[in-house]
Structures are given as C-alpha cells and as structure tokens.
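All remarks here apply to the structure that follows.
Below, all heavy atoms of this structure are taken into account, side chains as well, without hydrogens, waters or symmetry copies. Remember, it's 1-based here, ligands and their atoms both numbered in the order they're listed.
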Amino acid sequence: MRLALLGCGTVGSEVVRLLHEQSADLAARIGAPLEIAGIAVRRVGRDRGDLPVDPALFTTDPLALIKREDVDVVVEVVGGIEPARSWLVEALRAGKSVVTANKALLAEDGASLHDAAAEGGADLYYEASVAGAIPLLRPLRESLHGDRINRVTGIVNGTTNFILSAMDATGAGFAEALEEATELGYAEADPTADVEGFDAAAKAAILASLAFHTRVTAADVHREGITEVTAADVASAKAMGCTIKLLCIAARGADAEGRETVSVRVHPAMIPLTHPLASVSDAFNAVFVEAEAAGQLMFYGRGAGGAPTASAVLGDVVAVARNRLAGARAASESAYADLAVRPMGEALTRYHISLDVADRPGVLEAVAGVFARHEVSIATVRQGPAGGGPAGRGSDAELVIVTHIAPDAALAATVRELRGLEIVRSVASVLRVEGGA
Ligand code: NDP
Ligand code: HSE
C-alpha cells in the first residue's frame, strides 16, 4: 500500500511519526506493508526537526504526487477549501481512496467529494474531521445504522471549551481566558474560526449529515460564537446551578405540516451541572447522542492536537487500505432522507434573560406583558439590585427571567420589544438554556 501524504504540519508530522513507529503492526493489521510514496508541503526546506522520513520524499507538487500510478491512498491534512477540493476530487475520480481531516471542506462542499468517490469507486473517510481522536463518525455511519438518531448535542471545539472552562473556574473575562488559551497553544494566532463558532459549525454540519442521512452544509447551520459571553453571564449561570458551553445541537423536528425536518445550530448555552456535558472541561470534546433504541450515548476525549488527530487519521488509513486489498469499498454516502433544514426561528429552546430595569411600581407587570404578547411563558423571575450592588441603592434593578420552551423567533421579538421600553435600561444578556433542569 503506497500513500501520498498532503501536508506535514501539526497533524501530518504526527501521521509520519506514527506510521514509522507502528509500521510492523500496521502492516500486520492491513495485510500489506504501508509506505509513504511522497509528502506534499508548501516549503520543502522547512526545518521539520527529527521527523523519521527521507527528505527526498518531500515535494511542492501535490497534483503530480496524487497522479502517480504507485499511489493507492491519499491522506489530506493541509486544510482549506481550495486547492484541497481539486486535489481530492482528482484522487477520488481516479479511484484512489482518500482520508481527510478537512472539516471546512467537508462542511462547505462534502457533496463534490462524495460524488467523486462514487464516480471513481473509491473510499472517502474523515473520522479526524470532527472531535479529533474520538471515534465518533464511524459509530454514526456504521454502528448506529440500525437505529434512528433523534438528537446530537456536542462540545466539538477545544479552544472555546478551554476558554469557557477558565472563565467558569476563575471568574476571568473572555479576553483574559483567550490570552491564556493562546499562551498554552490551544488557540490559533487568528482564533476567529474557533471563538466565532465557524469551526464548531463545520463539525455540526458533518455530524448532522451523518446522523440524519441528509446533506447539511455549514451554510445551513445557525452559528453564534462566544465573544459576547461575559463573566457576569458565567456567574449568573453558576447561580442557577448551570455552566455555559458552546454547544452544537442537531435535532430532528417537524414543520407546520408535520413533515420531518432537522435543525442544526451552534451557540453558547447554559446547561445544568448535572448534564453529562457540564463536566467536560479544558480543551476536551464530548458528543452526546440520543437514539431511539440505543438510548443515550456519550463520546469523550481529545478533540485536537497532532497525535490525537493522527490516531484518527491512521484508523481510517487502515480501513481504506484493507478495503483496497480486498477489492471492496465501504458503504457510500447515505443522504436518502434528504430532510429540510428548519430555520433557527423555529428552533425550540428555553432562555435566560438578564435586564437592567427601573426599580419602580409596575415594571414587573410591563415586562411580563411583553413576554405574554409574544406567547413566551415565564418559568422563573429573580430580582436583585442592578450590578450586584447592595440592595436598595440607586434607582435600577436587575431582573433575571428564565422562560419555558419557546420558538427562537418569539424570543427574538420579545427582546426587540423589551429593548424599546423606557423602563428597560439595557438587555444585559440573552442566553439559551439547554438540557432539562
Ligand atoms: P498545519 O497548518 O499545521 O499544516 C498544514 C500543512 O499543509 C503544512 O505541512 C503545510 O506545508 C501544508 N500546506 C499548506 N498549503 C499547502 C499547499 N498549497 N500545498 C502543499 N502543502 C501545503 O495544519 P494542521 O496540521 O493543524 O491541520 C491540517 C488539517 O487537519 C486541517 O484541515 C485541520 O482543520 C485539520 N485538523 C486539525 C486538528 C489540529 O488539532 N491541528 C484537529 C482536527 C483536524 P509546510 O509544512 O511547508 O508549511
Ligand atoms: N481549533 C480546533 C479546536 C481544532 O479548538 O477544537 C480541532 O478541530
């Protein structure tokens, strides 16, 4: 088995290391030796430390490497949409199996890759693209294929989970926690994709596509990041026996005519401390799957990093290499259900709303009236002094309202109207509440 490796950075270099260290075991598991035919990189002359590989294998021409007749399997750990898409489509159409960790490409245009794989009769595996080392996509696309998945709720971004855990543990603000994440090497130099939720949204699209047998792209995912989460929100969550997590939620539902739909969203949410995802801290990932017959399942582990991600890549390499030796191909993409993706406005959830209001008679009634007009039912109300200062000082008060389940559009309309009230000084925060309690 000869493998073309595209990319030799954080993940690629660990793939090389593991291939070297475990070559005898891998050969035994596959039934043939596994060799690197070439490694495509951007800079051939880059210092790669003591990487156990012949320098002559490096090239800056990925396409020529892919097209070589002695290449059976292409492993892509470069990232980005183009030129990765063109390389992988070329490989798959030529009948070469592909293993990729490229969540951005799969979420943007997985269809092109799946179509090319079908055309070329090749395998397309991408376990490493969601939740790094955690075996998750294989269970979804194989082990749970006899079941019906109703909901997938996950923490799938390590950087944001580290930041929120730090804010929860130390009371730090977002900027301070991000600085710590950067110092520890979790956050990228440009952490936008992580903190704005783009990375989690790509993973949510991949998970939803597999769980619901429907092509879901990143554009279908409602996305909010964690940049607006404040230390006060975190403290408020604690006061309610909750913690704040950036969740990806993909769930079945139904439209007004009763037709089955899916909704896919990524946003920060309060979850009760008793929820299995609440104890997932630091840069760890976890995904909670609810299936009709299997019930609740939880997948937990390291969602990022060179070695953990390389572990998932090599698991896929063994699978596709075995298939090639057997002259077989894994089951192709399953998108038969083709469910419509429901707009965020129809998503049903509960909300925690914190308002700074004038502290005078009739305020509670006026605020409650706005919720009632939009048919958002209030579950609890707590009033305290504004800014957490001593009771009775100043003329403002803080109102914390938790609602029952309501459509997102109704809540948005409620908040819009509250913002226009003279008695509401500010809407300090609006957070969704997930997971019972
Ligand atoms: P890096 O930036 O560390 O490495 C990228 C590699 O691609 C480098 O070796 C680089 O070459 C090479 N490269 C970049 N552009 C080109 C090009 N045009 N032609 C040829 N080679 C090129 O990325 P990572 O290893 O962190 O990530 C790789 C993939 O894995 C991405 O899709 C990422 O989303 C995914 N992933 C990463 C995880 C992680 O923890 N890092 C976790 C899960 C998935 P050179 O070495 O010369 O610069
Ligand atoms: N930036 C991603 C994270 C890497 O923090 O989870 C893993 O996909």
(message) Do R141 and Y126 form a cation-pi contact, if we require the NZ or CZ to be under 6.0 Å from the six-membered ring centre and within 45 degrees of the ring's axis?
(response) yes

(request) State whether D220 and R215 are salt-bridged, where the test is any N-O pair (Lys NZ or Arg NE/NH1/NH2 against Asp/Glu carboxylate O) under 4.0 Å. (result) no

(message) Parallel, tilted or perpendicular: which one describes the rings of H213 and Y336, with boundaries at 30° and 60°?
(response) tilted

(message) Taking the basic N atoms (NZ, or NE/NH1/NH2) and the acidic carboxylate oxygens, is any pair closer than 4.0 Å for K245 and D168?
(response) no

(request) Determine, for F212 and R252, whether the Lys NZ or Arg CZ falls below 6.0 Å from the six-membered ring centre while staying within 45 degrees of the axis. (result) no

(message) On the six-membered ring of F58, is R46 placed so that its NZ or CZ lies under 6.0 angstrom from the centre and within 45° of the ring axis?
(response) no

(message) If the threshold is 4.0 Å, N to carboxylate O, is there a salt bridge linking R342 and D255?
(response) no

Please tabulate, one line per pair, the protein nitrogen or oxygen atoms found under 3.5 angstrom from a nitrogen or oxygen of ligand 1, with distances to 0.1 Å, or say none if there are no such pairs.
{"unit_1": "ligand 1", "atom_1": "3 (O)", "unit_2": "T10", "atom_2": "N", "d": "2.9"}
{"unit_1": "ligand 1", "atom_1": "3 (O)", "unit_2": "T10", "atom_2": "OG1", "d": "3.1"}
{"unit_1": "ligand 1", "atom_1": "9 (O)", "unit_2": "C8", "atom_2": "N", "d": "2.7"}
{"unit_1": "ligand 1", "atom_1": "9 (O)", "unit_2": "G9", "atom_2": "N", "d": "3.1"}
{"unit_1": "ligand 1", "atom_1": "11 (O)", "unit_2": "R42", "atom_2": "N", "d": "3.1"}
{"unit_1": "ligand 1", "atom_1": "21 (N)", "unit_2": "R42", "atom_2": "N", "d": "3.3"}
{"unit_1": "ligand 1", "atom_1": "25 (O)", "unit_2": "T10", "atom_2": "N", "d": "3.2"}
{"unit_1": "ligand 1", "atom_1": "25 (O)", "unit_2": "V11", "atom_2": "N", "d": "2.9"}
{"unit_1": "ligand 1", "atom_1": "34 (O)", "unit_2": "K103", "atom_2": "NZ", "d": "3.4"}
{"unit_1": "ligand 1", "atom_1": "40 (O)", "unit_2": "G305", "atom_2": "N", "d": "2.7"}
{"unit_1": "ligand 1", "atom_1": "46 (O)", "unit_2": "R46", "atom_2": "NH1", "d": "2.6"}
{"unit_1": "ligand 1", "atom_1": "46 (O)", "unit_2": "R48", "atom_2": "NH1", "d": "2.8"}
{"unit_1": "ligand 1", "atom_1": "46 (O)", "unit_2": "R48", "atom_2": "NH2", "d": "3.2"}
{"unit_1": "ligand 1", "atom_1": "47 (O)", "unit_2": "R42", "atom_2": "N", "d": "3.1"}
{"unit_1": "ligand 1", "atom_1": "47 (O)", "unit_2": "R43", "atom_2": "N", "d": "2.7"}
{"unit_1": "ligand 1", "atom_1": "47 (O)", "unit_2": "R48", "atom_2": "NH2", "d": "3.0"}
{"unit_1": "ligand 1", "atom_1": "48 (O)", "unit_2": "R42", "atom_2": "NH2", "d": "3.3"}
{"unit_1": "ligand 1", "atom_1": "48 (O)", "unit_2": "R43", "atom_2": "NE", "d": "3.3"}
{"unit_1": "ligand 1", "atom_1": "48 (O)", "unit_2": "R43", "atom_2": "NH2", "d": "2.5"}
{"unit_1": "ligand 1", "atom_1": "48 (O)", "unit_2": "R46", "atom_2": "NH1", "d": "3.1"}

(request) Hey, could you give me the NE2/CE distance between H267 and M344, rounded to the nearest 0.5 Å? (result) 4.5 Å

(message) If the criterion is any heavy atom closer than 4.0 Å to an atom of ligand 2, which residues make the list?
(response) K103, N157, G158, T159, D194, D199, K203, G303, A304

(message) To the closest 0.5 Å, what do you measure between OG (S426) and CG (L418)?
(response) 11.0 Å

